[in-house]
Amino acid sequence: MKFKNSTPPPGITFIQILFTSTILLAICVSVASIVFNTLSFATRTQRQVNATYIAEAGINYYLWHLSHNVNDYCDGKACGSLGADGYGPFTYDYTGPDGRVAGSYSVYVKPPSGAGASVTVKSVGTAKGGTAPRILQASIAIPSFAQYAILTNTEIWIG
């Protein structure tokens with residue numbers, strides 16, 4: 001039996017190259033899409049975390065402010081009308097460790113009402129870059145003497 005030396009039909013090599021390059025292009029586009037989506041997600045998450053830190057800075061600022069002036073619920077300004085969130089907003093820029101403005105926070109202060117002795121501070125932090133604001137709320141009260149008490153059933157001497 002004699003076999004003929006067969007040669008591929010003309011143009012088949014072009015079709016193989018076209019098919020292989022199409023598959024490689026699809027793989028490259030998929031990998032690039034995954035990389036860009038992951039980068040976008042990481043950037044968005046970082047901005048949300050920064051907004052939370054900025055809101056926490058607002059709470060810390062007013063904690064510091066109240067420790068220096070216990071009865072100032074208007075941030076050293078004339079008190080306007082008491083809104084649903086309290087007095088405010090008192091808005092400040094937040095500067096990061098590198099000296100650039102990283103965002104801003106707005107603080108609302110609700111004074112103690114009735115028998116309650118705690119001040120409610122609400123801080124809205126917004127990071128630079130267009131993310132949703134993060135809201136933190138804290139109740140700040142003067143610690144009672146009972147915090148420093150020691151309960152014991154024996155004699156005690158503190159030197």
Side-chain angles (χ1 to χ4, degrees), residues 20-159:
T20 305
S21 62
T22 303
I23 291 174
L24 287 176
L25 181 65
I27 291 172
C28 289
V29 167
S30 298
V31 169
S33 175
I34 290 170
V35 167
F36 287 127
N37 285 338
T38 304
L39 183 62
S40 173
F41 176 75
T43 303
R44 191 174 344 110
T45 303
Q46 180 64 35
R47 286 182 181 153
Q48 289 174 346
V49 169
N50 284 347
T52 304
Y53 290 155
I54 292 169
E56 188 176 354
I59 297 285
N60 288 335
Y61 162 71
Y62 219 80
L63 177 63
W64 171 84
H65 187 80
L66 284 176
S67 70
H68 288 82
N69 193 348
V70 179
N71 295 321
D72 184 11
Y73 307 118
C74 299
D75 199 31
K77 301 174 178 100
C79 291
S81 62
L82 184 64
D85 291 329
Y87 294 115
F90 310 113
T91 304
Y92 296 98
D93 286 336
Y94 176 79
T95 305
D98 58 356
R100 294 187 302 200
V101 175
S104 65
Y105 58 85
S106 299
V107 178
Y108 298 86
V109 182
K110 190 180 287 186
S113 60
S118 65
V119 177
T120 303
V121 178
K122 177 181 172 184
S123 178
V124 180
T126 306
K128 199 171 186 181
T131 59
R134 299 297 235 183
I135 300 170
L136 296 179
Q137 186 169 333
S139 292
I140 300 172
I142 298 173
S144 70
F145 181 71
Q147 182 178 358
Y148 304 104
I150 299 173
L151 182 63
T152 179
N153 196 20
T154 62
E155 293 178 9
I156 190 169
W157 180 81
I158 299 174

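Counting from 1, the numbers follow the sequence of the chain as shown. Note: hydrogens, waters and symmetry copies are ignored here, and every other heavy atom, side chains too, is used.
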Trainee: For the rings on Tyr87 and Tyr108, is their centre-to-centre separation under 6.0 Å?
Mentor: no

Trainee: If I compare all heavy atoms of Ser104 with all of Asp93, which pair ends up nearest, and what's the gap?
Mentor: CB-OD1, 3.9 Å

Trainee: Near Asn153 CG, under 6.0 Å, is it more than 12 heavy atoms from other residues, nucleotides or ligands?
Mentor: no

Trainee: Is it true that Ser106 and Thr91 share a donor-acceptor pair across their side chains at a distance under 3.5 Å?
Mentor: yes

Trainee: So which heavy atom on Ala127 is nearest to which on Asn50, and how close?
Mentor: CB-CB, 4.1 Å

Trainee: So, for Cys74 and Asp72, which heavy atoms are closest and what is the spacing to 0.1 Å?
Mentor: N-OD1, 3.1 Å

Trainee: Out of curiosity, Arg100 CZ to Thr95 OG1, how far, rounded to the nearest 0.5 Å?
Mentor: 11.5 Å

Trainee: Taking side chain to side chain contact (heavy atoms under 4.5 Å, CB included) as the criterion, tell me which of Gln46, Arg47, Gln48 meets it with Arg44.
Mentor: Gln48

Trainee: Hey, can you tell me if Tyr62 and Phe90 have their rings parallel, tilted or perpendicular (30° and 60° cut-offs)?
Mentor: parallel

Trainee: How close do Ser123 and Ala55 get, heavy atom to heavy atom, and via which atoms?
Mentor: OG-O, 2.8 Å

Trainee: So, for Val107 and Gly58, which heavy atoms are closest and what is the spacing to 0.1 Å?
Mentor: CG2-O, 3.9 Å

Trainee: Which heavy-atom pair separates Ile135 from Lys122 by the least distance, and what is that distance?
Mentor: CG2-CE, 3.6 Å

